[in-house]
J.: 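Structure incoming, see below.
So that the names make sense, note that chain A is the first sequence line, chain B the second, and so on, each numbered from 1.
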Amino acid sequence: MSAAGRSALAPGPVVIWRRWLGPTVRRLLGAIAVFWAVASFTFCIQALLPGDRAELILNVAAGTFTQPTAAELAKVNAKYGFDAPLVVQYLRYLGGLVQGDLGASYQSHRPVLHIIAEQVPPTIGLTLSALLLGWIIAIVLTVPTAGRHDPLSRAVASFQVAAAVAPPYWIGSILLVVLAVKLRLVPVEGGSGLSGVALPALALAIPLSGFIGQVIREEFARVLDQPFVISARMRGMSDLGVRLLHVLRHAVLPGITLSGWALGALFSGAAVIETVFARPGLGGLLVAATSARDVPLVTGIIVASAGMYIIANLLVDIAYPIIDPRIKAS
Amino acid sequence: MMSLSSNRAEPSPGYGRRSISAGLFAAAALCSIITPAAAAEDDKRGGIIRYGHYQEPPCLYAGWVQAGYIQRQYADNLVARTHDGQIVPWLATDWSISEDNLTYVFKIKPGVTFHDGTVLDAKAIVTNFERWLSNDPDKVNRNGKLYIGEYIRSVTAPEPLTLKIELARPYQPFLTVLSTYFFGILSPTALERGPKELCEHPVGSGPFAVETWNHGQNVILKRNPNYNSAPATAKHQGPAYVDGIVWKFLKDSTVRYGSLVAGESDAIYDIPAVDWADAQKRFKVIQDITGGTPTRLQLNTARPPFDDVRVRRAFAYVAERRKAVEVSFQGSIPFNANGALSISTPEHLKDLADSYPYDPDRANRLLDDAGWTARSRDGIRTKDGKRLTVRLLYAGGSLITPDGVSVLQILQDQARSAGFDIVLKPIPQADWFAGKGRGIDDYEAQPAYWVASSAEILKISWRPDQNGVINANNASRFQPPELWTLIEEADRTFDDKVRLRLYEDAQRVIVDNAAVVGLFPLTVSIASQPKLKDIWISSRVSEPVFHDAYFEK
């Protein structure tokens, strides 16, 4: 950027192309590398876990423990290609992945891609609502109280610390009993509607709001002492106006960084919450697939989650310069 | 169980001795259809049952009981079994057994079709048998094969509605086994569509048909308007009263019970122990104790310290098992001292219901006798420098519930006072199924149960290892020849009194040797809204049955 700025001539199309291409290709290559690493790691874990995969498949299907005969095991091994050397299995698996073929579930025999595609929307809906809700709670609690030392502000700050460390499972169970079972404000069973997503999203949002709130609170207090804030106050702007219009914009930056991480955390939190609230979704699917060690399904879910995590972080990278143009300049 | 049936036996031309007539049941069924009660029947029609179940099976057709619960709604079996152990008609209206107990001839109910329109005749049933016993992993019913595989010589359809099964050896529990859910008959046309379709859309002839499976949420079951093949155990013949079932998966017990309290479910499965007392007051609660083996600790008799019967007995005496079960389940599940059979199994020997009461003095004396006299600094007994350690492995979260684990923790604590060092080792379900921790040297004790109808389970639990094939279900590794002789002889004995005595002797051998230490049976409980009537639990594997259920108007 600075080189172009010094040049008197406008940059040619090739330069622009290269400038755009460079970071994009690098980013894409990075994403592919992460994908490959995740996929390989998952494969290794699943292949190296103790126990015999063929025996597992037979026993899970029967729902009992039996000692399958060698002939029975051989049939299953041949069917799933377990009799090939591990390297061959790995290459076959990577080959399938490249073609978008994640294989079929050992248990339901359906293509993994279909199973995942079916369960992704509710999980995305849940995590995004939780993220949004987490931000709303964090801003509502932080903006009026940051940088103050009255008892109320201190109580709010302590609440945020407590919220940040509270496990979503526990919050979820309490919300469920109080709001759904006792007060009947929302349905007990999640369902797919807006009222159904409220409780699980809240259970995930409360700890998240604690994290975000703490991070922006510190930054908020720091920015409040900046000269431009003082000058805004001198112009006669109200305290809330200053906080909302000038300070907030600066203070949310570390929170935005945190959101990229939060999406990943929300995904894993969703695994528990989806089970608690009987919601459909990727999380519940992962729990079930893991407990049955349905290798293609577990692998597919992890690769898909990694993909979404990468996309979320790309979005955060894009959001940064929009909120703080100084980042674009540097 | 044959005795009650043979009391009503009528001689039939081909096979004389034990022809079992369905006359009484057919008459009773007919009556219920054509009596003036028909008007009342109409009042019962309509509504959809919102049922909150526990776990979602990965496939709607599998050996696992979680799939079996649904299979009971969409499929019919050849025969049914009453709670007191009688075998009564279902798809087979009548049957006869040859003098040598080797040939079974079944008359199949005419006019029955599967949900896809395929005719349910003897040939369709033969196809089912062929698949169950197949060597193809995609077709075989491993659970079923384990029970009947070794006995079946041939299954044929000499006439469209006549099914003939020839056995290689007499097997008295044969009909009992055929009445369990994993022998539900499915449409041969649908079976041809491969394992994926079989999981998603199994097609039977039952009172409800699988319409859609919303993965992660529910299975929608729709009323079969042409249903004409209810078992003799049903409260009415003909189609179900309700229009369908929304079979929801509510794994978390707070949600499940909360959903019933909030009126979002009409019935739920498995009432949590904490809500047990509350549920009794507010809802209609039915509970069934499953047959087969209870959850019991299998003590590894193949290695020290439990290779010594004195140490096994000491372990049985050392803890207040009854109290531990009462406390952990808050009275919702009974104690089952006789570890050989569940208390609801007809052959369960009551004399053993008080075996090994809490007696720490006796436990200590037995351990002293066995040479475990020295004590380490932390109070654990030792012998020749070895600690009295018991590695207790369990598949937590699936085969044993958190309440069940709390029983184990109480045992652990009490056994310590007598000098046992009990190490609780949870194993994830998948590792367990993959064989982890089940090697002979991996454990000293393991809890497990196996749900079945009756004493036919003894064969599964206690079959000795044969030709290098280890019986994985005999985690006690207890296989004295006299035990197997008793069980094999019982399984081929058709005289009820003699068979019962043999089964009882087998239980004595198992319990006297403390090969297993009984804890508690598996129970199935259903709580329903008061206006929803007549859900019942089928014997003895305890699937809820919705065919007779109706909403009171």
J.: For B:E200, which atoms come within 4.5 Å of any heavy atom of chain A: side chain, backbone, both, or neither?
T.: side chain
J.: Is there a side-chain contact between A:K75 and B:N135, using heavy atoms and a 4.5 Å cut-off?
T.: yes
J.: Quick one: side-chain hydrogen bond (donor to acceptor under 3.5 Å, both in side chains) pairs with a partner in residues 80-89 of chain A, sequence neighbours left out?
T.: A:R53-A:Q89
J.: Got a second to check how far A:K79's NZ is from B:D136's CG, nearest 0.5 Å?
T.: 7.5 Å
J.: Mind checking the NE2-NE2 spacing from A:H114 to B:H215? Nearest 0.5 Å is all I need.
T.: 11.5 Å
J.: If you look at every heavy atom in B:A262 and A:V188, which pair is closest and at what distance?
T.: CB-CG2, 3.6 Å
J.: Does any backbone or side-chain atom of A:R110 lie under 4.5 Å from a heavy atom of chain B? Answer side chain, backbone, both or neither.
T.: both
J.: What side-chain hydrogen bond (donor to acceptor under 3.5 Å, both in side chains) pairs are there with at least one residue in residues 168-183 of chain A, not counting sequence neighbours?
T.: none
J.: Looking at CG of B:N214 and CD of A:E118, how far apart are the two atoms once the value is rounded to the nearest 0.5 Å?
T.: 8.0 Å
J.: Can you name the closest pair of heavy atoms from B:T254 and A:L176 and give their distance?
T.: CG2-CD2, 3.8 Å
J.: Given heavy-atom pairs under 4.5 angstrom as the criterion, report whether the side chain, backbone, both or neither of A:L285 touches chain B.
T.: neither
J.: Shorter than 4.5 Å, heavy atoms on both sides: which option in B:C59, B:S259, B:G194 has the most such pairs with chain A?
T.: B:S259
